[in-house]
Amino acid sequence: MTSTDGMADLESSGNRALEGFNEVGSEPRDRESAEQSRLLWVVGARDVPFADEAGPYGRSLAGGAIKHSNLTGGSDAYSGGEAWRIKGKGLLVNASSGRYGAECEKELNEVVDIFRHAGFSVASMGFDLDSPTTPNAVAVGELTWLRPL
Amino acid sequence: MSIASSEELDAVFGLESEGDTPEERSLTSKREFVRSQHQISIRQPDAPGRWFRANEILRLFGWETLRVLAARPASPVLRRGADPVSDLRKQIDALGVSEGGVLSRANVSEVGKRALKSKSQVPFADLEKLAQHLSLDSDLLGLGSEQPEVSRLSVRLRTIGSGPRALSEASVLALAEAAWVIGRQHALQNMLEHPTYNWPHDPNSDYGSSMTPAWRVGQRLAELTRETLEVQPGAPIESMTRLLEERLNIPVVHVRLPKEFAGATIASGTLRGIVVNQHGANENVWVRRMTLAHELGHYLWDSQERLEQLVVDRHADLQSDYSNIHDPVEQRANSFAVEFLAPRTEAGDVYKSIVNSGSSGSEGIEAVMRQFNIGPSAASHHVRNELPQFEVPPGPQGLQPTDDIKGLEEFSVSFFDPNDVPESRRGRFARLVGEAHAAQLISDDTVAAYLSIPRDKVETALTFINTIQEATPSPS
């Protein structure tokens, strides 16, 4: 997947990189809203690619959506997850990736700081209280929004 | 629904699972799944949350929700606009009880209490406890599905009585939990494909007239009931509890209510059950048998409309001579109860044979009590009505039922190992839980949740249930 397929790189373009992706009005808290305008991201060795999971490129694939491996070309990455642009608030992220996802709060917080350094206000969905190594796939409870660094 | 690929099935249920469909794979999967407030996931080592078997989680959420786990660590389960905590709070309002009262009664953890206050994630085990005590189906929390009939019925609890006859918050919550047990017991019976008993008669709307008093109608209905159940004419009913639970498949839930309450029949649509107070006069097994028979009279013969009103019966009414009760519905149920347990002709014969042999009237009543296992007031009123020509004394006080009849009626309710299992979850309910676990339909954790015990007591409970299963005779 390349930029012509709708992939944006945070490393090279900063917070302007995501301007082409849709914003949603509120945090996704249920199954249906989580599927709206969901972005996938990875933190690789040299780039931080983002893409709309079910954008035109994703819809052209057999499963109707991209996977994290489409962003990495199958290579290793430091971390990966999902994100939503929340109108008036910033970037809401989680560690939901079968292959690249963080397994603890500390690891995810490091990624949050990367996004804050890129100029975003960021909130993390965190991990499941009932399964602490499983990232939350939707927002649960009140979120804490952190300013850009 | 699209077809599940073998890659997806491997990823969700594990490589060791076998079969071509999610159902087949789920039955052979060694994986366990955690449900939390908002999502499900494959259980990781040391995950503290509420966990389910693979076939259990598939039954609850379906393949479309599970298949997400082939590519992601968690699959969201909540539906748009739905939230478990909102579902619970709506029911708290509907029942007219306080949140503090429910939290305390449901024994919610400190973590759960703090989370509810701070609006953060609540452990699912706590949400489930609250749901049970509010007669909600925890499996449906946050799914936007309509709650079962029993949940709607329990809302009517707040309308029972008024002024001094109104139910206290503790009583409303005890009955709401009983309604949950009744609903879950029906669900377990269906899951285990137990045959249901089809009562062949329609409800009877005859509550008496100037020509035929309601108590006479009750007696006739008792005769018809005995005949339908093929009870030997004049024979005592060996065990009311077993008759109701094992033969008629009627859930009987034992709860602790204020002493003045005897029992209640809970009915909503097809979900019905009987609630019996363990506290007060029902501590005597003779009285409890009469309460059960009285509720059976309501259960079998009252119209659906009347049952939906959910009347909670008080001992003061049940122990009166039926001819002195003004409410024809209760008069009919009372005369039904005593006639069902002690057919009047045979009760009169027992009394006459004792008195005619030179013994006292008191000894005659005692003989009736022991023959039919009914209490002194009931025996005395019944014989007096049947034999108006006799000077029938009040029933002798201080007599106790035999250990045999106590054992028959209280079997697996008065004693349970572990003792932490509340009385409301003992008896046939516990046996069905054990049966569902043995059939690999529910997880150890579901057993803990249903029996309201800590995880480390599940093994003890299952061993005990297994022992009582073996000791339970098949229904006759």
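The sequence lines fix the lettering, A, B, ..., with proteins before strands; numbering per chain opens at 1.
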Spacing of N136(A) atom CG and S41(B) atom OG [to the nearest 0.5 Å]: 9.5 Å
Minimum heavy-atom distance L40(A)-R72(B), with the two atoms named: CD2-NH2, 4.2 Å
Heavy-atom closest contact (Q44(B) atom, T134(A) atom, distance): CG-OG1, 4.0 Å
Within 6.0 Å of CD in E32(B), more than 12 heavy atoms from elsewhere: yes
Sub-4.5 Å side-chain heavy-atom contact between H38(B) and V140(A): yes
Pick from P135(A), A34(A), G101(A) with the largest number of heavy-atom pairs that fall under 4.5 Å of chain B: P135(A)
Between CZ on residue R35(B) and OG on residue S131(A), distance to nearest 0.5 Å: 14.0 Å
CG (D456(B)) with more than 12 external heavy atoms under 6.0 Å: yes
Polar side chain donor-acceptor pair, R31(A) to S75(B), under 3.5 angstrom: no
Part of Y100(A) lying under 4.5 Å from any heavy atom of chain B: neither
Heavy-atom neighbours of E459(B) CD exceed 12 at 6.0 Å: no
F21(A), CZ atom: more than 12 neighbouring heavy atoms under 6.0 Å: yes
Under 4.5 Å from a heavy atom of chain A, the part of R43(B) involved: neither
When V77(B), V111(B), T65(B) are compared by non-hydrogen pairs under 4.5 Å with chain A, the top option: T65(B)
Contact class of R29(A) relative to chain B, heavy atoms under 4.5 angstrom: backbone
Under 4.5 Å from any heavy atom of chain A - which part of V68(B): neither
Distance-minimising heavy-atom pair for L78(B) and D30(A): O-CB, 3.3 Å
Main-chain N/O of A137(A) paired with Q39(B) side-chain donor or acceptor, under 3.5 Å: yes
Contact residues of residues 41-76 of chain A (partner chain B; heavy-atom separation under 4.5 angstrom): E53(A)
Pick from A125(B), G81(B), P48(B) with the largest number of heavy-atom pairs that fall under 4.5 Å of chain A: P48(B)
Q121(B) to L129(A) - nearest heavy-atom pair and separation: OE1-N, 3.0 Å
Heavy-atom proximity to chain B below 4.5 Å, by part of T133(A): side chain
Region of N94(A) in contact with chain B, defined by heavy-atom distances below 4.5 Å: neither
Neighbour count above 12 (heavy atom, 6.0 Å) for R455(B) CZ: yes
